[in-house]
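The next block holds one structure in the form of structure tokens; read it before the comments.
Below, read A as the first sequence line, B as the second, and so on, with proteins coming before strands; counting in each chain starts at 1.
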Amino acid sequence: MKQLIIAGREFSSRFFIGTGKFASGSLMAEAVRESCSQLVTVALRRVEISSSSRSREDPVISHLDPGKVQIVPNTSGARTAEEAVRIARLARQSGGYDWVKLEVTPDHNYLLPDPVETLKAAETLVQEGFTVLPYINADPVLARRLEDAGTAAVMPLASPIGTNRGIETGAMIRIIIEQAQVPVVVDAGLGLPSHAAAAIELGADAVLANTAIATAGDPAAMARAFAMAIQAAEIAVDSDPGGEKNMAAASSPLTGFLR
Amino acid sequence: MNKISIQVNGEKMSVDADISLEKLLSSLEINHDHVSVAVNDEVISRESLSNHRLRNEDQVEIIHFVGGGGRI
């Protein structure tokens, strides 16, 4: 597979990790280490004002080494382009992060991304110099429009966030991959290492997982399993797999039968 | 002392006029090493927290990075 380069940065791992839902910062850090991932996403949130309801401070950033991983704030929680742009600007001003995983999800039940607002926000953020990685439904036309707007990658969903259902949008992801000039990162819904491997075998440049790892009984082991599956799929793609056929094709010699 | 009305993370509050951001954070028992503060959408640098005075109707956001993948 050709080297994965996003906005000039080279990645030796095709596995990106979301850092939400882990039971603790140290469990998250261990999983990131085991995964060998070089890109993780974080979220920006309001601090609880009343100290009684404030959860014990465990700043996620302190568990991550920016020298080893690219830290990418996401705009989760944004329901409109305007909200997403505001979150991205605050993230940049707070920590100097100019990569952003753009998520605009007004729909509460399925957390599906709003294509119109996502495109609008992407145009603004690209103009402001952000490296924009938009989370989208698996819509090849939208992927094209975002690429034209200057996003550094596209991140189509495999199935709704956190559902662990694997690739339900395969036919459309295939078209996105066929047409894209920017890296395609399959995101959301990947529940098992085999799902991640299937995405790479389809031709995706990378995958992102969070829930599958964070909610596993042993997150570090699951992270390692994903990393191995992704690597296996990468080797498989490079080994030029034989194509599919409708009818059987014998793999044993068709002569010299004992009968 | 005169009071002003501000919003902190969407909650209305009445505080002393001219209060600094640093004082506001300590009155809320928030450790300012771990948070970023924005007033009317502009992030205030850590060094400026002690001399940035709040004015009536200011919108203060106290934010921090948390774990996040998709929406959580």
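Not one N or O on the side chain of A:R46 forms a donor-acceptor pair closer than 3.5 Å with the backbone of B:I63.
Atom CD1 of residue A:I49 and atom CE of residue B:M13 lie 5.0 Å apart, to the nearest 0.5 angstrom.
A salt bridge is defined here as a Lys NZ or Arg NE, NH1 or NH2 lying under 4.0 Å from an Asp or Glu carboxylate O, and B:E61 with A:R86 meets this definition.
Counting heavy-atom pairs under 4.5 Å between each of B:N9, B:V8, B:I62 and chain A puts B:N9 at the top.
Heavy-atom contacts from other residues, nucleotides or ligands closer than 6.0 Å to CD of A:E128 number more than 12. For A:E82, the CD atom sits in a loose shell: 12 or fewer heavy atoms of surrounding residues, nucleotides or ligands are nearer than 6.0 Å. Within 6.0 Å of CZ in B:R55 there are 12 or fewer heavy atoms belonging to other residues, nucleotides or ligands.
Minimum interatomic distance between B:I30 and A:E48 (heavy atoms only, all atoms of both residues): CD1-O, 4.5 Å. Pairing each heavy atom of A:L90 with each of B:A38, the nearest pair is CD2-CB, 3.6 Å. When all heavy atoms are compared, the tightest approach of B:F65 to A:V60 is O-CG1, 3.4 Å.
Looking at A:A91, both its backbone and its side chain come within 4.5 Å of chain B, counting heavy atoms on both sides.
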